[in-house]
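Structure first, then comments.
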Amino acid sequence: MKKYPNPKEQPSSTNAGKQETDSKSGSFFEVVFKIVRKIPRGRVTSYGAIAEASGIRLTARMVGWAMNGAGRVKPAVPAHRVVNSKGILSGKNFFATPTLMQELLEQEGIIIKEDKIANFKDVFWDPGAKTRKDSKKVL
DNA sequence: TTGTTGACCGAGT
DNA sequence: AACTCGGCCAACA
């Protein structure tokens with residue numbers, strides 16, 4: 001993979017400061033990161049769900065693209081809790097080690113089989129549905 | 001500026 | 001069930 005933009009800095013010097021016309025959303029990276037950081041421990045979500053919860057302006061692809069910078073931001077975004085709609089650890093190859101993502105998830109009590117979450121339906125967390133009390137624990 | 005590429009998604013073949 | 005294709009928006013060559 002090549003280099004990726006950094007949300008903290010202006011990626012393109014040509015249009016530096018141009019896209020920041022609206023400071024309320026900031027970089028779309030931050031929007032994604034903010035949602036990902038809300039993911040409770042032991043839960044996961046999908047790129048599409050994040051894109052939708054972030055405000056439709058983003059697509060699932062953008063979420064994945066944004067996650068590219070997840071490893072270099074300070075608050076440390078739990079990117080390992082983000083999988084695709086099938087519950088497959090599609091981004092495992094982008095971690096320090098291909099097995100790191102799986103180990104982190106297992107560490108949180110998530111069962112993984114063949115690079116995909118076995119109890120995906122149980123541990124799935126919808127970032128948009130905050131109305132839920134989350135009082136029920138899956139563990 | 002145009003074109004290609006993505007840690008995706010869902011429908012169609 | 002496996003594969004292909006279009007679409008979404010942003011970054012890069």
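A, B, ... follow the sequence lines: proteins, then strands. Residue 1 opens every chain.
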Closest listed nucleotide, where the reference is the side chain of A:Thr59 and the choices are C:dA11, B:dG6, C:dC9: C:dC9

Against the side chain of A:Phe94, the closest entry in B:dA7, C:dA10, B:dC9 is B:dA7

Over how many whole Å does the gap from A:Glu52 atom CD to C:dC9 atom P extend? 14 Å

In whole angstrom, give the distance that lies between atom CG of A:Asn84 and atom P of B:dG6. 17 Å

Using whole Å, what does the distance between atom C1' of nucleotide C:dG7 and atom CE of A:Met62 come to? 11 Å

Provide, to the nearest angstrom, the distance between the CG atom belonging to A:Leu100 and the C1' atom belonging to B:dA7. 14 Å

Using the 3.5 Å cut-off, write out each protein N or O paired with an N or O of nucleotides 10-13 of chain B and the distance between them.
none

Whole-Å distance separating the CZ atom of A:Phe33 from the C1' atom of B:dA7: 12 Å

Base, sugar-phosphate alone, or nothing: which one does A:Ala51 contact when heavy atoms must sit under 4.0 Å apart? nothing

Quick one: A:Asn68 CG to B:dT5 C1', roughly how many Å, whole number? 12 Å

Rounded to the Å, how far apart are A:Asn93 CG and B:dA7 P? 9 Å

Report the relative orientation of the aromatic rings in A:Phe120 and A:Phe124; use parallel for angles under 30°, tilted for 30 to 60°, perpendicular for over 60°. perpendicular

What donor-acceptor contacts under 3.5 angstrom involve side-chain atoms of residues 44-52 of chain A, with partners at least two apart or in another chain?
unit_1  : atom_1 : unit_2   : atom_2 : d
A:Thr45 : OG1    : A:Trp125 : O      : 2.9
A:Ser46 : OG     : A:Ala49  : N      : 3.3
A:Tyr47 : OH     : A:Val82  : O      : 3.4

How would you list, by chain and number, every residue that makes a side-chain hydrogen bond (donor to acceptor under 3.5 Å, both in side chains) with A:Arg61, sequence neighbours excluded? none

Are A:Asp115 and A:Lys92 side-chain neighbours, meaning at least one heavy-atom pair lies under 4.5 Å? yes

Select one nucleotide: of C:dC9, B:dC9, C:dA11, the one nearest the side-chain heavy atoms of A:Trp65. C:dA11

With the 4.5 Å side-chain cut-off for hydrophobic clustering, are A:Leu100 and A:Val83 part of the same group? yes

Could you state whether A:Phe95 and A:Leu89 fall into the same hydrophobic cluster, counting links through intermediate Ile, Leu, Val, Met, Phe, Trp or Tyr residues with side-chain heavy atoms under 4.5 angstrom apart? yes

Salt-bridge test for A:Arg43 and A:Glu108: reply yes if a basic N is under 4.0 Å from a carboxylate O, no otherwise. no

Output yes when at least one side-chain N/O atom of A:Ser90 is less than 4.0 Å from OP1 or OP2 of B:dC8, else no. yes

A:Tyr47 OH to C:dC9 C1', in whole Å, measures 17 Å

